[in-house]
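Quick notes on the structure that follows.
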Amino acid sequence: MKLLIKISVFFMLSALLGASSCRVKKYIPEDELLYTGSKIDLTAETKVDQLSDIEEELETVMRPEPNSKILGVRLGLLAHYKAQRKHPGLYYRFLNKKIGEEPVYLSDVNPLRVEELVNNRLENRGFFRSEISSVEKKGKHTGSVKYTVHVDAPYTIKSYQLDSGSLPIYKEISKYMNRSGFVKPGGRFDLERFKVERDRIDFFLKDKGYYNFNADFLIFEADTNGYNDKSVDLYLRLKRDVPHKSVIPYEVASINVFPHYSLNEGVKNDTVTLSGINYIQDSAFFQPRRLAPYILLEKGKRYNPTDSRRTSNRLSSIGSYKFVNIQYDEVGEANASDSLGQLATNIYLSPLKKRALRAELQGVTKSNNFVGPSLSLTYSNRNLFRGGETLSATGKAGYEQQLIKGDNTGLKSIQLGLKGDLVFPRLLFPVEIVRDFKYAVPKTKFSTGVEYLNRSKLYVLQSLTSTFGYSWNATRYVYHELNPISINFVNLAKTTPEFDAILAENDFLRSSFDQKFIGGLTYTFTYNELMSSGIRNPFFVTLNVDMAGNGLGLLNKLTSQREKNTFFGLEYAQYYKSDINVQYYGYLSKTQKLVARVFAGFGFPFGNSVTLPFSKQYFSGGPYSVRAFRVRSLGPGTYKPDSESVGSFFDQAGDIRLEANLEYRFPIYSFLKGAVFADAGNVWLTNENASLPGGKFTSDFIRELGVGFGTGLRVDIQNFVIRLDLAAPIQKPYLPKGERFGFDWKNPVLNFAIGYPF
């Protein structure tokens, strides 16, 4: 927190200095103009595909870069000028050292050199003899350069063919060319695409076993002699004197796995061979039959880097190993007469410590004015049964107190919990499933936990949860989690007279606590492109499905005719709940992006239930939701609680939730980031409730959204983010119609949180 305060003070001082940036002009020498940048006006004689991409590439060769701006002012330049004074002072010397920039003047620009660079980029893209000119624009104190570029029709590929050869590698390259179509007749002559084509061929050949091949062994040749128009014949061939070992495929001759490898201890000597793979370890640290499903490499099979990479990822996913290193060594020297090379494969696995204890202390502050410490201790035991199993036990204790003025000062919350997880890095199922999981091996997880929650002036809640299920990555982007058994028992052990009065007045709330037993199925689908560097504007999608009571209802009918609404004497909940979260990350530049998020959730109670159990309901408002409203304070619908009652501090919940967020993120300086955002959302009930007037979902839901606008600061240090967001309401759904809309800048909400909101 002290670090955050120091950064905030530093930022404010710098902003004050920047506010006087007009004084920069008085430091500019009389015979110089401050360079403010350049602009490109690109036009084409004919329609050109991806012309905007070409323009972006040309912008990268503009030299030099003008002095940078922070929030619209040249703070680094002003710091430099201030530090050049005879007595600059300690502050300006420090600021200059951190962010100072040498001035960039118009006289530093060499337009002719920039024109040469532009022409070179255009020729690489197939545009020859382009018209390029430049003009300097001069003001009183500043200057810029405008480049006008007009391109003729580009050269196009008339034919694309591979030089013939007797080596088998030519047949493989031909197979790629026949099915790829990345470079093809009719396309534009483009050196960048040719480089990508070489890399794609190299990747294709590697997957076919050509271990020693390199993309640099390929060369493109263009011939324009046969045409009077802008057409070329494109030829692809191997360079001369390519080493013989680079044009023959390799196969795996042997596979050695070292399940307990350490640099300090070296290699163990006891060997067990299973399906042609040698497992070498001093003792049975890891059972070979448990490691075998993770290894996709096979003896006698062609070298394949994709299988090698997937094997490494699969072994890392077990959770028992710190490092996974797969090395290939050539067996002997390939002769000119050899048509196949041999590789010895060694897989070195360095384990994590078998037992670990982790402690985590947090300081919690919430938008509803609850603050307090939280402590958790986690014990882990890895490779429990020598098959990669992980047992973990987590104990948690938390205390929160509400710091507000009025009758409700001192509301407290005490939370104690204990949870145990046992994860098997394989599929446990009564019937053997023969499906081959090529991308990742599923995991089986048993989980059980107990929790105690004491909210002063309200209630004491005890709960028991238990789940059994599976999780696996189907592809690089797709993740599944299925829990066919999900049990939750909740006991409202103690209530205060104040809370009893709340329940007496609110049938909706009382019914959400009445059903103590939840048994059903949960499923989560995740599609995640965020970790892929090849996707410019990634998506992130999560779909959750939660069904409870169907199986118990059927079992109850088969075993009991007298107590149709209970299971072992406990009333169980029946509902269906599903929600979807979609996030889109639009990168405006390398450092600026526009992030959009849409969330929609729906819960439908039936049978025993008239509403969702309280732990399954939806909430809106807070630092990860609609930030202009305090945490869980929105809705349902247009409902507004009595601000003077204890019940007003009870979470406001619903069966339906809709939210949308739009956030523009930009850099300020180094690890300090900024954001401007708009949020909208609310929760509603599926059924009318007299205790919560205006809470039912109707066709007028758009006018019942809580809408807010705000700005924020983020300290982002290697993906550890401390976030401050200040937001004010634009639309308050709980006000009468005609009074809801209006920017309430006098009552903003400050959100302090860890991590980005989405």
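Predicted, not measured: the structure shown is a model, and the values here were computed from it.
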Problem - Tyr328-Ser308 side chain donor-acceptor pair, cut-off 3.5 Å - result: yes

Fill in the blank from the handout: Across all chains, not counting sequence neighbours, the side chain to side chain contact (heavy atoms under 4.5 Å, CB included) partners of Asn124 are Asn120, Leu191

Practice task
Supply the atom-to-atom distance Asp329 CG to Asn256 CG, rounded to the nearest 0.5 angstrom.
Solution key: 10.0 Å

Practice task
Run the numbers on Leu238 and Phe213 for side-chain contact (heavy atoms from CB on, under 4.5 Å), then give the verdict.
Solution key: CA-CA 11 Å; Leu238 288 173; Phe213 190 79; 3.8 Å; yes

Exercise for the section: Test side-chain contact (heavy atoms from CB on, under 4.5 Å) on Ile219 and Tyr235 and set out the steps. Expected result: CA-CA 8 Å; Ile219 187 172; Tyr235 298 92; over 6 Å; no

Problem - Inter- and intrachain pairs under ring-ring contact (aromatic ring centres under 6.0 Å, His included), touching residues 157-178, at least two apart - result: Tyr176-Phe204

Practice task
Verify, without hydrogens or angle tests, whether Arg476 (side chain) and Ser532 (backbone) share a donor-acceptor contact under 3.5 angstrom.
Solution key: no

Problem - Backbone N/O of Gly387 and side chain of Asn383: donor-acceptor pair under 3.5 Å - result: yes

Problem - side-chain contact (heavy atoms from CB on, under 4.5 Å) between Asn581 and Phe758, intermediate numbers included - result: CA-CA 10 Å; Asn581 178 53; Phe758 43 84; over 6 Å; no

Handout entry: Residues Ser159 and Asp233: side-chain donor-acceptor under 3.5 angstrom
Key = yes

Exercise for the section: List the atom of Pro442, the atom of Trp472, and the distance in Å for their closest heavy-atom pair. Expected result: CA-CB, 3.6 Å

Handout entry: Under 3.5 Å: donor-acceptor pair, side chain of Thr60, backbone of Glu57
Key = yes

Practice task
Indicate yes or no: does Asp207 engage Arg302 in a salt bridge with an N to O separation below 4.0 Å.
Solution key: no

Exercise for the section: Kindly say whether the aromatic ring centers of Phe468 and Tyr470 come within a distance under 6.0 Å. Expected result: yes

Exercise for the section: For residues Ile280 and Pro259, report the shortest heavy-atom separation together with the two atoms involved. Expected result: O-CD, 3.3 Å

Problem - Lys/Arg N to Asp/Glu carboxylate O, Glu389 vs Lys443, below 4.0 Å - result: no

Exercise for the section: Using modelled atom types only, decide if a donor and an acceptor are shared between the side chain of Arg188 and the backbone of Arg125 within a distance under 3.5 Å. Expected result: yes

Practice task
Report yes or no: is the cationic atom of Arg723 (NZ for Lys, CZ for Arg) under 6.0 Å from the centre of the six-membered ring of Tyr756, at an angle within 45° of the ring normal?
Solution key: no

Problem - Side-chain (Gln287) to main-chain (Phe385) donor-acceptor, under 3.5 angstrom - result: yes

Practice task
Take atom CD of Glu65 as the centre, draw a 6.0 Å sphere, and report whether it contains more than 12 heavy atoms from other residues, nucleotides or ligands.
Solution key: no

Exercise for the section: Quick one: closest heavy-atom pair of Asn278 and Thr273, and the distance? Expected result: OD1-OG1, 2.8 Å

Problem - Greater than 12 external heavy atoms within 6.0 Å of Lys230's NZ - result: yes

Problem - Within-4.5 Å side-chain heavy-atom neighbours: Glu298 and Ile277 - result: no

Problem - Pair Ser392-Ser380, side-chain donor/acceptor within less than 3.5 Å - result: no

Practice task
Evaluate the side-chain proximity of Phe189 to Pro154: yes if any heavy-atom separation is below 4.5 Å, no if none is.
Solution key: no

Practice task
Would you please indicate if the ring centroids of Tyr527 and Phe539 are separated by under 6.0 Å?
Solution key: no

Practice task
Measure the CD1-CG distance between Ile318 and Leu291 for me, rounded to the nearest 0.5 Å.
Solution key: 5.5 Å

Fill in the blank from the handout: Rounded to the nearest 0.5 angstrom, the NZ-CD1 distance for Lys208 and Ile173 is 13.0 Å

Exercise for the section: Start with the C-alpha distance between Thr378 and Thr394, add both sets of side-chain angles, then the distance that settles side chain to side chain donor-acceptor pair (under 3.5 Å), and finish with yes or no. Expected result: CA-CA 4 Å; Thr378 301; Thr394 301; 3.1 Å; yes

Atom pairs and distances, donor-acceptor, side-chain atoms in residues 247-255, under 3.5 Å, two or more places apart:
unit_1 : atom_1 : unit_2 : atom_2 : d
Tyr250 : OH     : Asn212 : ND2    : 3.0
Tyr250 : OH     : Glu330 : OE1    : 3.0
Glu251 : OE2    : Gln342 : NE2    : 3.1

Exercise for the section: Could you check if a side-chain atom of Tyr261 sits within less than 4.5 angstrom of a side-chain atom of Asn346, using non-hydrogen atoms only? Expected result: no

Exercise for the section: Might you point out which heavy atoms bring Asn537 and Gly586 nearest each other, and give the distance in Å? Expected result: OD1-CA, 3.4 Å

Problem - Modelled atom types, side-chain donor and acceptor of His480 and Tyr523, under 3.5 Å - result: yes

Problem - Distance-minimising heavy-atom pair for Arg314 and Ala440 - result: NH1-N, 3.6 Å

Problem - Lys299 atom NZ, over 12 foreign heavy atoms within 6.0 Å - result: no

Practice task
For residues Lys673 and Arg665, determine if any side-chain heavy atom of one lies less than 4.5 Å from a side-chain heavy atom of the other.
Solution key: no

Problem - Heavy-atom check, side chain of Arg290 versus side chain of Arg386, under 4.5 Å - result: no

Problem - Distance-only donor-acceptor check, side chains Asn313 and Tyr439, under 3.5 Å - result: no

Exercise for the section: Give the intermediate values and the outcome of side-chain contact (heavy atoms from CB on, under 4.5 Å) for residues Ser578 and Leu543. Expected result: CA-CA 7 Å; Ser578 181; Leu543 172 67; 3.9 Å; yes

Practice task
Enter the distance from Leu296:CG to Thr311:OG1 here, rounded to the nearest 0.5 Å.
Solution key: 4.0 Å

Practice task
Determine whether Pro288 and Gln281 make a side-chain contact, defined as any pair of heavy atoms from C-beta on separated by less than 4.5 Å.
Solution key: yes

Exercise for the section: May I ask you to decide whether Asp202 forms a salt bridge with Lys206, counting only side-chain N to carboxylate O separations under 4.0 Å? Expected result: yes

Practice task
Taking the side chain as every heavy atom from C-beta outward, state whether Phe671 and Val715 have any atom pair closer than 4.5 Å.
Solution key: yes

Problem - Thr444 side-chain N/O to Leu428 backbone N/O, donor-acceptor pair under 3.5 Å - result: yes

Completion exercise
Note: Phe286 and Gly388 closest approach over all heavy atoms is CZ-N, 3.3 Å

Exercise for the section: Answer yes or no for Arg382 and Phe285: cation-pi contact, defined as NZ/CZ to six-membered ring centre under 6.0 Å and angle to ring axis within 45°. Expected result: no

Handout entry: Tyr348 and its ring-ring contact (aromatic ring centres under 6.0 Å, His included) partner, picked from Phe258, Phe323, Tyr321
Key = Phe258

Practice task
Output yes when Asp716 and Arg714 qualify as a salt bridge under the 4.0 Å nitrogen-oxygen rule, no when they do not.
Solution key: no

Problem - Donor on one side chain, acceptor on other, Thr465 and Asn488, under 3.5 Å - result: no

Practice task
Run through Asp546, Asn483, Asn544 and flag the one making a side chain to side chain donor-acceptor pair (under 3.5 Å) with Thr524.
Solution key: Asn544

Exercise for the section: For atom NZ of Lys590, decide whether the heavy atoms of other residues, nucleotides or ligands shown that lie under 6.0 angstrom number more than 12. Expected result: no

Handout entry: Value rounded to 0.5 Å, distance of CZ in Arg310 from OG in Ser317
Key = 13.0 Å

Problem - Nearest-0.5 Å distance, CE of residue Met177 to NZ of residue Lys184 - result: 13.5 Å

Exercise for the section: Flag the pair Asp190 / Val183 as yes when at least one side-chain heavy-atom distance between them is below 4.5 Å, and no otherwise. Expected result: no

Exercise for the section: Verify the neighbour count for atom NZ of Lys301: are there more than 12 heavy atoms of other residues, nucleotides or ligands below 6.0 Å? Expected result: yes

